[in-house]
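In what follows, a structure is listed as structure tokens, so that the remarks can point back to it.
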Amino acid sequence: MNTLLQDAQAAGASVGLTAERVTVHGGRPLKGRIELKGAKNLVTKAMVASLLGETPSELRSVPEISDVRVVKGLLEVHGVKVTSVGDDTLLLDPSAVESAHFEVIDAYAGSSRIPILFCGPLLHRLGEAFIPDLGGCRIGDRPIDFHLEGLRRFGAVVDKQPQGIRLTAPNGLKGAKIELPYPSVGATEQVLLTAVRAEGITELRGAAIEPEIMDLINILQKMGAIISVDTDRVIRIEGVDRLEGYSHTALFDRNEAASWASAALATEGDIFVGGARQAELGTFLNVYRKVGGAFDIHEDGIRFYHPGGKLKPAIIETDVHPGFMTDWQQPLVVALTKAEGVSIVHETVYEQRFGFTDALVDMGAQIQLHRECLGGAECRFGRRNFQHSAVIVGPTKLRAADVVVPDLRGGFSHFIAALSAEGTSTISNIGIIARGYENFIAKLDALGADFVIES
Ligand code: EPZ
């Protein structure tokens, strides 16, 4: 096996699920300070964007998480030189980009969704791309039909193969008019990363406008792209002949900030989240306050804490930005089990994102899942067989249990549930959490959590 493949297998294995188990002694509030790095859901895309530059890029505030390692590995198998500088900066030099061998790329299959975003940049650079079948959290079907339809509109030829898809662009890539049936984050990124170097103008209707998307647009503009975002979610991109490398400090991780905020509420603690900013968390802060959480905005971060008293139930409907993010609901559901009354969470972004509640029910939570769209308007999943509304009755005292982490955000929820429960729980499969939360165990330790890792 050649060294590239060995490296790929090693990197791929290192991002796999570890057998690590943790014994958690609950009942102690989390108190202290943690520091955020750049957003998982921006940094990984910014790394892919470096492929489009004719010169090297520098990306700062990069978290040490396995999703970043997967993308680093995929860039390296395509000949990009990726160098770590200090503890959170990457230098990405795409000057020697080359096609990778199928079996080497495949070593990264199944561990992330980011590979699909390599299509446009590789088609521009090499005229071809092979993308392995995608991984990512099991929270729904997670199709890529919007991605492939968009690429075809640019003139790409998509050939589905047993282990993935092969793309070519026999006549190059030309600007297109594209309308997304749903404001998909990934599909919007796909179009952005393809349109910036396509010939002519691209008009994208129904685009996602999450802060991570806007930060990616900032990066592309730094590279030389011409991109406008209209109030009606229409993004227009004028293709240019050449893009340069960028120098950028990534936007902070909103999802991690919201996760620790919910942890402070669920454990009756007090956590200062360094690097968190009010502007991108506004909707979360409103809900947090309505549930009974308190927060103080500082220049260098936000202090989240349980001010005492009873928590109040809430009716929450997840939505695209500027709505309540789907990634914020899992950790907050743990706090809602302690609220005095009936809460409802209507998950409208993913059809199967309540799997994590099984473990909470085992711990004594009163949570019922329903197929109906509860608490808000009818969504895409309303008349189908998906249990995408949760009713949470509180307050309940959670009791210790043995749980297996199902996905990234659900795993974080299991941890804070165990920390807020009386007694000793065991949590298995915690490797998934390392996909998106940098130094997760060290942060828990710094916040005074009482746990023991069993290898
Ligand atoms: C990104 O996923 C994030 N992941 C998710 O975060 C986040 O929850 C999601 O956006 C929504 O904000 C990354 O950025 C790596 P989508 P993505 O395309 O791009 C449907 C986390 O925990 N859809 O906006 O995959 C899809 O089924 C993760 O950090 C299609 O139907 O999300 C879903 O119902 C979880 N066809 C909806 O759109 C497509 O081709 C939203 O998906 C693409 C999407």
Side-chain angles (χ1 to χ4, degrees), residues 15 38-49 63 65-68 70-71 111-119 131 134-153 158 165 178-193 204 206-216 233 250-251 253-259 280 283-284 318-331 347-356 379-382 384 386 388 405-413 432-438:
V15 300
K40 164 180 87 79
N41 295 345
L42 177 273
V43 163
T44 45
K45 294 54 172 301
M47 292 169 72
V48 177
I65 55 176
S66 45
D67 266 19
V68 166
V70 169
V71 177
S111 49
S112 159
R113 290 183 62 74
I114 311 301
I116 189 69
L117 299 178
F118 277 69
C119 296
I131 309 299
L134 300 180
C137 293
R138 293 278 166 253
I139 51 180
D141 177 32
R142 306 194 80 180
I144 54 171
D145 50 339
F146 302 166
H147 294 252
L148 301 183
E149 176 52 29
L151 288 161
R152 290 189 182 99
R153 301 292 284 272
V158 178
I165 50 172
I178 298 166
E179 177 144 13
L180 294 180
Y182 182 83
S184 153
V185 167
T188 300
E189 292 160 342
Q190 183 74 249
V191 171
L192 286 169
L193 292 167
L204 174 60
I209 52 170
E210 270 68 8
E212 292 75 19
I213 299 267
M214 305 312 286
D215 209 35
L216 180 61
R233 285 182 189 274
L251 171 77
D253 196 317
R254 301 181 304 142
N255 293 339
E256 179 165 1
S259 298
E280 291 85 1
T283 302
F284 178 80
T318 65
D319 201 347
V320 296
H321 186 73
F324 191 90
M325 291 292 290
T326 171
D327 305 327
W328 296 341
Q329 56 101 336
Q330 296 87 343
E347 172 57 65
T348 72
V349 178
Y350 288 109
E351 61 272 35
Q352 286 168 319
R353 201 162 192 182
F354 284 121
F356 75 99
C379 78
R380 293 170 296 151
F381 309 126
R384 295 162 63 191
F386 297 118
H388 69 293
V405 167
D407 58 63
L408 177 62
R409 308 298 172 188
F412 191 98
S413 304
I432 295 184
I433 299 178
R435 273 195 53 206
Y437 293 97
E438 180 187 56

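Note that the structure is predicted; figures quoted are calculated from it, not measured. In each ligand, atom 1 is the first atom listed, and ligand 1 is the first ligand listed.
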Q) So which heavy atom in the protein is nearest atom 20 (C) of ligand 1, and how far is it from that ligand atom? A) R380 NH1, 4.0 Å
Q: Tell me which protein heavy atom sits closest to atom 40 (O) of ligand 1, plus the residue, atom name and distance to 0.1 Å.
A: F146 N, 2.8 Å
Q. Backbone or side chain, does any N or O of K40 fall under 3.5 Å from an N or O of ligand 1?
A. yes
With a cutoff of 4.0 Å, is [X] in contact with ligand 1, counting heavy atoms of the residue only?
X    : answer
M325 : yes
R254 : no
G436 : no
K45  : yes

Classify the contact between [X] and ligand 1 as side chain, backbone, both or neither, using a heavy-atom distance cut-off of under 4.0 Å.
X    : value
V185 : both
V349 : both
E189 : neither

Q. Can you list the residues that meet the side chain to side chain donor-acceptor pair (under 3.5 Å) rule with N41, with sequence neighbours excluded?
A. none
**Q.** R435 (side chain) donor-acceptor with S66 (main chain) under 3.5 angstrom
**A.** no
Side-chain donor-acceptor contacts of residues 322-330 below 3.5 Å, not counting sequence neighbours, with atom names and distances?
from: T326; atom 1: OG1; to: E347; atom 2: OE1; distance (Å): 2.9
from: T326; atom 1: OG1; to: E347; atom 2: OE2; distance (Å): 3.1
from: T326; atom 1: OG1; to: R353; atom 2: NH1; distance (Å): 2.8
from: D327; atom 1: OD1; to: R353; atom 2: NH1; distance (Å): 2.6
from: D327; atom 1: OD1; to: R353; atom 2: NH2; distance (Å): 3.0
from: D327; atom 1: OD2; to: N255; atom 2: ND2; distance (Å): 2.9
from: W328; atom 1: NE1; to: N255; atom 2: OD1; distance (Å): 3.2
from: Q329; atom 1: NE2; to: E347; atom 2: OE1; distance (Å): 3.0

Q.
Minimum distance, heavy atoms only, to atom 35 (C) of ligand 1: which one of E351, R353, R409, E347 is it?
A. R353
